[in-house]
Amino acid sequence: MPLTNREIAAMFENIADMLQIQGESIHRVSAYRNAAQAIRDLPRDVQAIADDGELETIPNVGKIIAEKLTELLTTGKLEFYERLSEEVPPGVVEILHLNGVGPKKAKMFWQDAGITSVDELEKQARAGKLRELSGMGVKSEAKILTAIESLKQHSAETRTPLGIALPSAEAILAQLLALPQAEHGVIAGSIRRARPTIGDVDLLVASDDAPPIMDRFVTMPEVEQVLGHGPTKSSVVLHNGLQADLRVLAAERWGTALQYFSGSQTHNIRIREMARAQGLSLNEHAFTPINGDGAEILCATEEAVYERLGLPWIPPELREDGGEIEAAQAGHLPNLITLEDIRSDLHMHTTWSDGKLSIRQMADAARARGRQFIVITDHSVSSAIANGLSAERLLEQQEEVRRIDAEMEPDFRVFHGVEMDIRADGTLDYPDEVLAQLDFVIASLHVSLQQPREQVTARVLNAIRNPYVDLIGHPRGQLILQRDPADLDMDAVIAAAAEHETALEINANPRRLDLEAQYARRAVEMGVRLAINTDAHTEEQLDQIRYGIMTARRAWVEPQSVINTLTLDEFIEWTQRRIRQGA
DNA sequence: GCCGTTTTCGGCCCGACTGTTTTCAGTCG
């Protein structure tokens with residue numbers, strides 16, 4: 001099996017950990033971490049990039065790391081990695097990942113006390129031995145035990161799906177903003193950047209009187225454990241395992257504070273380097289002249305921060321050092337899609353298969369949310385567990401769709417489609433004669449996602465080439481933090497989608513968010529149209545469209561690339577391209 | 001180990017909080 005980008009990235013992260021424990025220069029360690037991050041975010045397989053001889057075009061990959069990648073891809077092994085793994089016990093790396101333990105302590109536990117596993121560390125802590133080590137005391141020992149307990153409780157998984165983190169953050173922020181001392185506040189960090197998974201929640205509140213806000217924050221009912229409680233910054237762990245950090249700053253410093261706490265780290269490093277080039281040091285409080293006695297320059301808005309650096313405001317979803325600074329300098333920032341651009345929802349289920357509402361109820365619920373038209377897309381016959389429709393029932397359903405459409409026209413339209421299974425053998429679930437009678441056809445992978453790359457890719461390509469298939473639903477089939485995506489050759493999928501004018505979905509369900517941003521961005525660059533759909537099975541899930549919009553913005557997507565922004569007439573015309581394709 | 005309008009060497013963002021220390025190192029984001 002070829003190595004996935006994620007596996008390669010994990011290996012380089014591991015290298016960074018081991019080097020850091022060995023006391024290697026932080027800059028060399030960072031080089032491996034930066035390369036790992038870049039590889040994780042790539043929209044293409046490292047293997048494909050290597051085949052093109054372009055490894056060194058990957059950001060933060062230079063000659064040496066490119067050589068290591070080549071060795072890994074050609075031999076399946078990396079001698080450097082294997083040697084390091086023999087030198088540094090895996091348990092020591094695990095200890096490094098405990099909250100409050102860094103490379104210095106992990107190394108000390110190992111070298112000075114012979115501790116090479118979390119279990120052994122726990123034993124020594126319970127026996128009161130750790131406090132005897134230099135720099136350690138009773139409190140440090142207790143913190144170690146707390147960290148180990150937390151690791152057991154929440155397993156090794158440290159990230160939380162956006163769909164859980166965002167509502168949780170909104171609930172906490174609302175409590176803080178209810179306090180009279182709070183002027184205003186936002187959710188910053190990776191939630192604001194719309195990452196599909198969240199490491200911790202970053203909250204920012206403007207106030208001249210921070211202590212009461214801090215006190216409320218650390219005593220909220222959601223709080224399981226207080227990690228830190230200072231005058232302007234506090235950290236807690238919530239009962240759902242999520243870590244939340246709160247910073248409180250004066251309103252006149254809001255711009256620099258929000259810019260800083262929105263990240264990403266790599267974007268901020270670039271921004272601070274630009275400030276330094278202008279003789280300014282930038283932190284969350286202000287710009288400060290580096291040499292000399294110049295006064296602080298305060299920024300009350302983010303726009304003012306970017307303006308000081310000669311840049312237009314950069315939307316937070318783009319702040320990953322993925323070309324957004326260069327685009328801003330050139331005046332080429334994208335006009336990102338917003339919820340207001342969305343006219344339709346092209347993927348949802350009803351009681352005909354596994355949905356909770358009738359066709360009419362879904363239509364009313366979508367209309368109430370400002371949609372102008374929808375497509376009903378229940379499951380096809382293979383999805384027996386989801387009560388998938390036989391061809392007969394599908395056409396029976398069409399009569400009801402037509403009746404409701406006639407009732408609601410002209411201010412709302414209901415079209416008839418299907419979410420058709422791509423079967424394990426690559427065939428589709430209905431013959432073309434049936435598909436020809438539908439307004440819109442989604443083809444999706446639901447089974448045999450773990451097939452080898454060639455096989456699973458061939459199935460999707462077959463669906464893309466069918467002239468009746470308008471959209472590939474949740475193309476990679478991932479469930480965030482639960483199920484890995486299918487091992488699709490995304491270069492081939494995107495190229496075929498472009499050639500056959502088949503759209504690819506950004507499924508807005510926060511458990512999916514599939515396509516993820518890096519693939520959606522590449523698809524648009526290659527001329528593919530996207531759809532942003534809720535795949536709703538209930539009324540509430542129609543509101544999850546916001547997660548799809550967030551993901552699309554993160555992918556640099558503009559309204560014209562998304563078929564849900566089409567007017568009714570434009571949409572009907574777009575679906576007619578099947579005729580041009582000889583169907 | 002990467003990178004370049006300070007360019008092939010010499011930098012590499014910056015501050016808050018904690019615990020252990022009596023002035024700072026370690027960790028974190």
Side-chain angles (χ1 to χ4, degrees), chain A residues 12 15-16 19-21 23-38 55-69 80 95-109 130-144 146-147 158 188-190 198-204 210 214 218 226-237 243-249 253 256-257 259-288 290 310 321 329:
Chain A
F12 278 81
I15 288 173
L19 288 174
Q20 201 169 11
I21 289 165
E24 184 55 74
S25 143
I26 187 61
H27 301 299
R28 185 173 175 223
V29 171
S30 295
Y32 281 98
R33 288 200 201 287
N34 293 339
Q37 184 63 46
L55 285 175
E56 287 187 53
T57 65
I58 300 171
N60 301 313
V61 171
K63 189 165 179 292
I64 291 167
I65 290 183
E67 281 171 5
K68 289 185 165 61
L69 285 170
F80 177 60
I95 288 170
L96 172 68
H97 293 153
L98 289 170
N99 208 335
V101 178
K104 299 284 165 56
K105 281 185 183 167
K107 184 178 186 182
M108 181 185 68
F109 295 148
L130 292 187
R131 68 187 69 172
E132 296 166 9
L133 296 168
S134 87
M136 293 289 294
V138 177
K139 282 191 175 179
S140 305
E141 196 174 67
K143 275 183 79 171
I144 295 280
T146 305
T158 55
S190 51
I198 304 303
D200 50 43
V201 170
D202 288 304
L203 299 174
L204 189 59
M214 286 295 155
V218 299
V226 178
L227 296 175
H229 183 186
T232 68
K233 174 183 173 180
S234 293
S235 297
V236 300
V237 177
Q243 181 176 328
D245 299 334
L246 171 66
R247 289 292 299 258
V248 178
L249 289 104
R253 300 178 189 272
T256 45
Q259 197 284 326
Y260 175 56
F261 290 110
S262 295
S264 65
Q265 191 181 29
T266 51
H267 174 88
N268 283 357
I269 287 172
R270 291 283 312 275
I271 291 296
R272 288 180 177 201
E273 283 170 358
M274 289 183 69
R276 289 187 71 87
Q278 295 186 23
L280 296 169
S281 172
L282 173 61
N283 61 29
E284 59 265 49
H285 302 289
F287 287 99
T288 312
I290 290 170
D321 191 20
Q329 286 170 327

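Labels below follow one simple rule: chain letters A, B, ... track the order of the sequence lines, proteins then strands, and each chain is numbered from 1.
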Intra- and inter-strand pairs of DNA chain B in dot-bracket (Watson-Crick or G-U wobble, both distances under 3.5 Å; | for another strand): ((((....)))).((((((....))))))
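- Remark: Arg276(A) pairs with no residue by the salt bridge (Lys or Arg N to Asp or Glu O under 4.0 Å) rule, at least two apart or across chains.
- Separation of the P atoms belonging to dC9(B) and dC14(B) is 26 Å when rounded to the nearest angstrom.
- Comparing Gly100(A) and Ser281(A) by the nucleotide of DNA chain B whose heavy atom lies nearest to each, the residue mapping closer to the 5' end is Ser281(A).
- Residue contacts shown for Arg270(A) are absent, as no nucleic acid heavy atom lies under 4.0 Å away.
- A heavy-atom distance below 4.0 Å to DNA chain B is reached by these residues of residues 131-141 of chain A, ordered by number: Gly135(A), Met136(A), Gly137(A), Val138(A), Lys139(A), Ser140(A).
- Here Leu98(A) lies in heavy-atom contact (under 4.0 Å) with sugar-phosphate atoms only.
- Comparing dT5(B) with dG1(B), their C1' atoms are spaced 23 Å from each other, to the whole Å.
- Of the P atoms belonging to dC28(B) and dT23(B), the separation is 25 Å, rounded to the nearest Å.
- For the P atoms, the distance from dG26(B) to dT21(B) is 13 Å, rounded to whole Å.
- Between the side chain of Asn283(A) and the main chain of Ala286(A), a donor-acceptor pair closer than 3.5 Å is present.
- For DNA chain B, the contact window with chain A, defined by any atom under 4.0 Å from a protein heavy atom, covers dG1(B) to dG29(B) in 5' to 3' order.
- Scanning for side chain to side chain donor-acceptor pair (under 3.5 Å) contacts around Gln259(A) gives Asn268(A), Tyr306(A), with sequence neighbours left out.
- Listed by first then second residue, pairs satisfying side-chain hydrogen bond (donor to acceptor under 3.5 Å, both in side chains) with a partner in residues 56-65 of chain A read Lys63(A)-Glu67(A), not counting sequence neighbours.
- A pairwise comparison of heavy atoms in Val29(A) and Ala16(A) identifies CG1-O, 3.6 Å as the closest pair.
- Counting non-hydrogen atoms under 4.0 angstrom, Leu282(A) reaches the backbone sugars and phosphates but no base.
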With a cut-off of 3.5 Å and sequence neighbours excluded, list every side-chain donor-acceptor pair involving residues 135-142 of chain A.
residue, atom, partner, partner atom, Å
Glu141(A), OE1, Arg131(A), NE, 2.9
Glu141(A), OE1, Arg131(A), NH2, 2.7
Glu141(A), OE2, Lys129(A), N, 3.4
Glu141(A), OE2, Leu130(A), N, 3.0
Glu141(A), OE2, Arg131(A), N, 2.9

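- As judged by a 4.0 angstrom heavy-atom cut-off over every strand, Asp245(A) is placed among residues touching the sugar-phosphate backbone only.
- Within the nucleic acid shown, Tyr260(A) comes within 4.0 Å of at least one base atom, counting heavy atoms only.
- Between dT20(B) and dG15(B), the distance separating the two P atoms is 26 Å to the nearest Å.
- A donor-acceptor contact shorter than 3.5 Å is absent between the side chain of Arg247(A) and the backbone of Leu204(A).
- For Ser190(A), there are no side chain to side chain donor-acceptor pair (under 3.5 Å) partners, not counting sequence neighbours.
- Taking the P atoms as reference points, dC3(B) lies 14 Å from dC13(B), given to the whole Å.
- Summary of the strand contacts: Ile58(A) and Leu96(A) both lie near DNA chain B, and taking for each the nucleotide with the nearest heavy atom, the more 5' one is attributed to Ile58(A).
- With sequence neighbours excluded, the residues satisfying salt bridge (Lys or Arg N to Asp or Glu O under 4.0 Å) with Arg270(A) are Asp321(A), Glu326(A).
- The residue Ser234(A) sits apart from the nucleic acid: no heavy atom pair falls under 4.0 Å.
- At a threshold of 4.0 angstrom between heavy atoms, the contacts of Glu284(A) are confined to the sugar-phosphate backbone, with no base atom among them.
- Considering only residues two or more places apart in sequence or on other chains, Lys107(A) meets the side chain to side chain contact (heavy atoms under 4.5 Å, CB included) condition with Ile21(A), Gln111(A).
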Trace of the side-chain contact (heavy atoms from CB on, under 4.5 Å) decision for Ile290(A) with Leu280(A): CA-CA 5 Å; Ile290(A) 290 170; Leu280(A) 296 169; 5.6 Å; no
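- For Arg33(A), the side chain to side chain donor-acceptor pair (under 3.5 Å) partners two or more places apart in sequence, or in a different chain, are Glu13(A), Asp17(A), Gln20(A).
- A distance of about 22 Å separates the P atoms of dT6(B) and dC2(B), rounded to the whole Å.
- Residue contacts shown for Lys68(A) are limited to sugar-phosphate atoms, with no base heavy atom under 4.0 Å away.
- No engagement by Glu67(A) is indicated, since no non-hydrogen atom pair under 4.0 Å with the nucleic acid exists.
- For Glu132(A), the side chain to side chain donor-acceptor pair (under 3.5 Å) test picks out no residue, with sequence neighbours left out.
- At a threshold of 4.0 angstrom between heavy atoms, the contacts of Val101(A) are confined to the sugar-phosphate backbone, with no base atom among them.
- In this structure, Asn268(A) reaches neither bases nor backbone, as no heavy-atom distance under 4.0 Å exists between it and the strands shown.
- Taking atom P on both dC12(B) and dC17(B), the two are 25 Å apart, rounded to the nearest angstrom.
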